Q: 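I'd like to ask some things about the structure below.
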Amino acid sequence: MEVLGPRLDVVGLPLNPTVRHKLQCAGFRTTADLAGVAGPVELATEAQLTHEEALAVLQLAAPQRVAPAAAAASHAVSARQLYAREQAARRIITFAAELDGILGGGVETGAITEFCGVPGVGKTQLGMQLALDVQLPATFLGLGGAAVYIDTEGSFMLERCCQMADAFLAHLAKVAAAKGDAAKAAAAAALTRDQLLASIHYFRIRDHVEQLAAVEMLPAFLAQHPSVKLVVIDSVTFHFRQETGDLAARTRQLAQMAQQLMQLAGQRDVAVVLMNQVTTKLAPSGGSSSGGDAAEEAASRLVPALGDSWAHAATSRVILHWQGSSRHAFIYKSPTQPAAGAQYRVTKEGVRGVDKRSGKRARAGG
Amino acid sequence: MASRQLQRIGLPPLLAARLVERNVTTAAALFGRTLLDLVELLDLPYDAVRHILQEVAARITPPPRTALAMLQAAAGRPMHLRTSLVQLDAALCGGIPAGSVTEVVGPAGLGKTQLCLQLAVLGCLEREAEGGSVAFIDTEKKFSARRLAQIARERLPQQYPSEEALAGMASRVLVFCPRTSQELLHTLQTLEATIIERRVRLVLLDSVASLARADFAAGSLPERQRMLGQQASRLKYLAETFHIPVLVTNQVTTHIGGSFGGGSTGGGGHLTAALGTLWAHAVNTRLVLEMVQGTRFVRIAKSPAAPIAAFAYVVTGSGLELLDGLEAPPEMLQQGSVTHMAIANEQPYEQHDFEMC
């Protein structure tokens with residue numbers, strides 16, 4: 001396999017005379033000699049050719065020498081191709097217009113999005129809403145996919161999910177009717193609550209080992225269920241905060257899990273959504289002089305749990321927080337979106353925006 | 001299933017022997033190490049280790065169910081325990097939800113224990129047909145059998161007309177009195193057997209805060225939070241596994257300073273739920289008892305099923321009773337963060353609106 005084809009004299013190659021002469025001067029007589037060089041640059045130096053000339057010679061005389069390079073180039077992806085891929089990447093519309101806005105049109109597939117927030121701000125609500133939103137039919141510009149819901153806290157409420165599924169269907173019917181679009185109406189009518197619920201694969205995870213195991217087996221599960229377009233882990237934090245083991249091991253395990261999820265998101269083109277809790281970070285000056293809860297809560301602030309190295313895990317990180325009595329989302333980190341905030345509401349129907357029109361519609365739907 | 005023995009997983013015998021040799025006997029030991037660690041430890045190629053991990057992962061991950069299958073399985077099971085406070089039950093879509101943890105938080109003397117006793121009576125009654133009982137974990141030594149009997153007699157005179165009926169009810173309330181956090185955890189870990197044997201249909205814990213706050217000084221906060229986390233995890237496990245309501249009470253603490261994302265409160269201190277954020281993450285439903293201008297209110301502060309609502313109540317001989325026609329002040333119904341939410345306790349000291357017995 002060293003030399004493809006018969007051994008030829010350099011003179012016999014269809015080369016221009018200057019190049020041929022230079023090769024002969026440098027002592028290259030047959031194609032076998034040419035096959036011995038490491039690459040075009042080496043040949044160029046030895047025979048005093050330009051890089052382009054040397055490459056042309058090798059492509060003629062010893063294609064196997066340059067083939068790996070060409071293959072490598074074809075393995076590489078140009079930014080233009082990536083741009084097209086990013087443009088084509090589908091996003092999961094959240095039903096809260098402002099939230100979609102700051103996320104760049106919804107929750108990105110092929111990436112990890114992390115939502116952090118205090119208890120009661122609506123993390124689980126958002127997770128359940130997304131598990132329905134991902135099923136939005138293609139005629140509504142949705143993904144028409146299924147969802148995996150990994151529940152580590154036991155906060156997934158079935159009744160609430162049913163309630164949201166009903167509101168979801170009502171909303172679709174209303175949109176179809178408003179647009180007078182027969183295709184949409186047919187798609188909305190074809191969808192039932194049972195179908196929606198049957199497309200949510202629910203895992204109840206009871207300790208951190210099961211959580212690591214679940215992440216390990218997800219690729220196999222997704223291979224069996226190719227329609228899955230969304231993986232929600234609610235929350236990624238809970239069990240890891242109770243583990244008594246050493247912190248270094250925890251950090252390693254989390255890093256490995258993040259790596260696996262990242263790969264999964266890329267390979268299967270699914271959206272991975274992680275819910276994270278917040279923890280109280282004591283200010284370093286916060287003295288240990290006085291006791292009790294008062295001292296513990298003083299001079300402290302809330303930060304996303306799991307520490308600074310975990311902060312690198314997610315592609316985008318969104319902080320959910322209260323501003324007085326309204327709920328807000330804030331993009332804390334994103335490779336594409338500017339830092340921005342948006343208000344959202346948790347209504348009887350689910351997670352919705354604050355836009356007056358949609359607010360009225362949502363209320364009318366209930 | 002972290003403690004599951006690898007031997008029972010059905011790996012090839014040679015591989016299983018090698019794992020045991022290297023002292024990797026449980027799934028937890030296997031997943032406690034990173035992939036590269038395992039390659040080193042087991043002296044196996046990367047792909048082989050990866051394969052073992054996937055094999056084990058597939059066996060120990062609990063099988064998934066679709067939400068539809070869960071709905072079908074849940075049909076016919078009681079989803080709630082009624083509190084018999086009609087408006088509150090309606091707001092909560094039926095009462096205290098089964099299968100999740102509900103917290104009642106409030107200042108001392110507003111009726112947390114009274115509510116627990118009342119629920120114990122109601123829990124016994126609702127599940128009487130199946131001989132169900134109630135587990136009452138009392139960490140504050142506040143359980144009073146006399147008061148329990150009084151609530152039963154006054155609230156449900158038809159059901160409990162005689163001493164025998166009352167005795168029958170009382171014998172189905174199982175009271176546990178752990179003295180330390182460690183004992184409480186142990187009680188929760190061993191409650192499983194009792195729940196099966198005595199058909200426990202309601203678990204009450206009054207209160208989760210007292211032992212944790214007494215056993216751990218300010219310096220040992222991480223240990224305290226870890227202990228609370230384990231207790232929370234166990235409570236959730238019991239609620240879900242047996243699909244029963246679990247209700248815990250919590251105390252209040254004074255919060256000083258601002259909060260995350262611009263809280264509603266300015267300077268000064270205010271009362272808020274004790275035990276911090278980690279615990280707050282663990283409860284599914286939070287009810288707050290508070291006193292506003294001499295009137296007691298029960299407020300739904302966090303619920304996956306209900307919007308925020310508040311109802312005025314009084315504590316009487318028969319337990320808690322809602323007051324009709326008393327609107328909650330609008331500022332109470334504002335949504336907001338539950339982490340450091342303010343709990344009102346404007347209690348005039350001369351007021352005594354109920355007497356025991």
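What you are looking at is a predicted structure, and each value in this text was computed from that prediction instead of being measured. Throughout, a chain's letter reflects where its sequence line sits, starting with A, and its residues are numbered from 1.
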Q: Who wins among Ala214(A), Ser235(A), Ala131(A) for the most heavy-atom pairs under 4.5 Å with chain B?
A: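 Of Ala214(A), Ser235(A), Ala131(A), Ala214(A) has the most heavy-atom pairs under 4.5 Å with chain B.
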Q: Report yes if some heavy atom in the side chain of Thr66(B) is under 4.5 Å from a heavy atom in the side chain of Leu197(A); otherwise report no.
A: no
Q: I need the minimum non-hydrogen distance between Pro64(B) and Phe221(A), along with the two atoms involved.
A: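 Pro64(B) and Phe221(A) have their closest heavy atoms at CG-CE1, 3.7 Å.
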Q: Report the option among Ala58(B), Ser233(B), Ser303(B), Ala69(B) that has the most heavy-atom pairs separated by less than 4.5 Å from atoms of chain A.
A: Ser233(B)
Q: How many angstroms lie between atom OG1 of Thr61(B) and atom CD1 of Ile205(A), to the nearest 0.5 angstrom?
A: 6.0 Å
Q: Are the side chain of Gln253(A) and the backbone of Gly32(B) linked by a donor-acceptor contact shorter than 3.5 Å?
A: yes
Q: Just so I know, are the side chains of Phe203(A) and Pro63(B) near enough to count as touching, which here means a heavy-atom distance under 4.5 Å?
A: no
Q: Under 4.5 Å from any heavy atom of chain B, what part of Gln260(A) do you find: side chain, backbone, both or neither?
A: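 Answer is side chain: those atoms of Gln260(A) sit under 4.5 Å from chain B.
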Q: Given that the side chain runs from C-beta out, which part of Leu212(A) has a heavy atom under 4.5 Å from chain B: side chain, backbone, both or neither?
A: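 Leu212(A) touches chain B through backbone and side-chain heavy atoms alike.
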Q: Heavy-atom count around Gln189(B) CD within 6.0 Å, excluding the residue itself: above 12?
A: yes
Q: Does any non-hydrogen side-chain atom of Leu71(B) lie less than 4.5 Å from one of Arg193(A)?
A: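 Yes; the side chains approach each other to less than 4.5 Å.
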Q: Heavy-atom distance under 4.5 Å between the side chains of Arg204(A) and Met70(B), does that happen here?
A: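 Contact flag for Arg204(A)/Met70(B) side chains = no.
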Q: Could you give the distance from OG (Ser100(B)) to CE (Met157(A)), rounded to the nearest 0.5 Å?
A: 4.5 Å
Q: Which distance, rounded to the nearest 0.5 Å, do you find between the CZ of Arg33(B) and the CD of Gln256(A)?
A: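 Between atom CZ of Arg33(B) and atom CD of Gln256(A) there are 13.0 Å.
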Q: Examine distances only and state if a side-chain atom of Lys236(B) and a backbone atom of Glu153(A) form a donor-acceptor pair shorter than 3.5 Å.
A: yes
Q: Please flag which part of Glu216(A) lies under 4.5 Å from any non-hydrogen atom of chain B: side chain, backbone, both or neither.
A: both
Q: Are side-chain heavy atoms of Met217(A) and Glu55(B) found at a separation under 4.5 Å?
A: no
Q: Does some side-chain heavy atom of Glu240(B) sit less than 4.5 Å from a side-chain heavy atom of Arg206(A)?
A: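 In short, these two side chains touch, coming nearer than 4.5 Å.
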Q: Relative to chain B, which segment of Gln277(A) carries a heavy atom at a distance below 4.5 Å: side chain, backbone, both, or neither?
A: both
Q: Considering only heavy atoms, which portion of Leu35(B) lies under 4.5 Å from any heavy atom of chain A: side chain, backbone, both, or neither?
A: both
Q: At a 4.5 Å cut-off on heavy atoms, which part of Phe156(A) comes close to chain B: side chain, backbone, both, or neither?
A: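 When you check distances to chain B, only side chain atoms of Phe156(A) fall under 4.5 Å.
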Q: Any chance you could lay out the side chain to side chain contact (heavy atoms under 4.5 Å, CB included) test for His281(B) and Lys123(A), step after step, and finish with the verdict?
A: CA-CA 11 Å; His281(B) 273 295; Lys123(A) 296 189 297 294; 3.4 Å; yes
Q: Side chain, backbone, both or neither: which part of Ala220(A) has a heavy atom under 4.5 Å from chain B?
A: neither
Q: Mark yes when over 12 heavy atoms from residues, nucleotides or ligands other than Gln182(B) sit less than 6.0 Å from its CD; otherwise mark no.
A: no
Q: Using a cut-off of 6.0 Å, state whether more than 12 heavy atoms not belonging to Tyr332(A) lie near its atom OH.
A: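 Check fails, neighbour count at 12 or below.
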Q: Shortest non-hydrogen contact from Ala57(B) to Ala213(A)?
A: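 Closest approach of Ala57(B) to Ala213(A): CB-O, 3.2 Å.
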Q: Which atom pair, heavy atoms only, marks the closest approach of Arg252(A) to Thr34(B)?
A: NE-CG2, 3.4 Å
Q: Going by heavy atoms in the side chains, are Glu210(A) and Phe31(B) under 4.5 Å from each other?
A: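 A side-chain contact under 4.5 Å is absent here.
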Q: Could you tell me whether His51(B) atom NE2 has more than 12 heavy atoms of other residues or ligands within 6.0 Å of it?
A: no
Q: Do Val283(B) and Pro119(A) have side chains that get closer than 4.5 Å, going by heavy atoms?
A: no
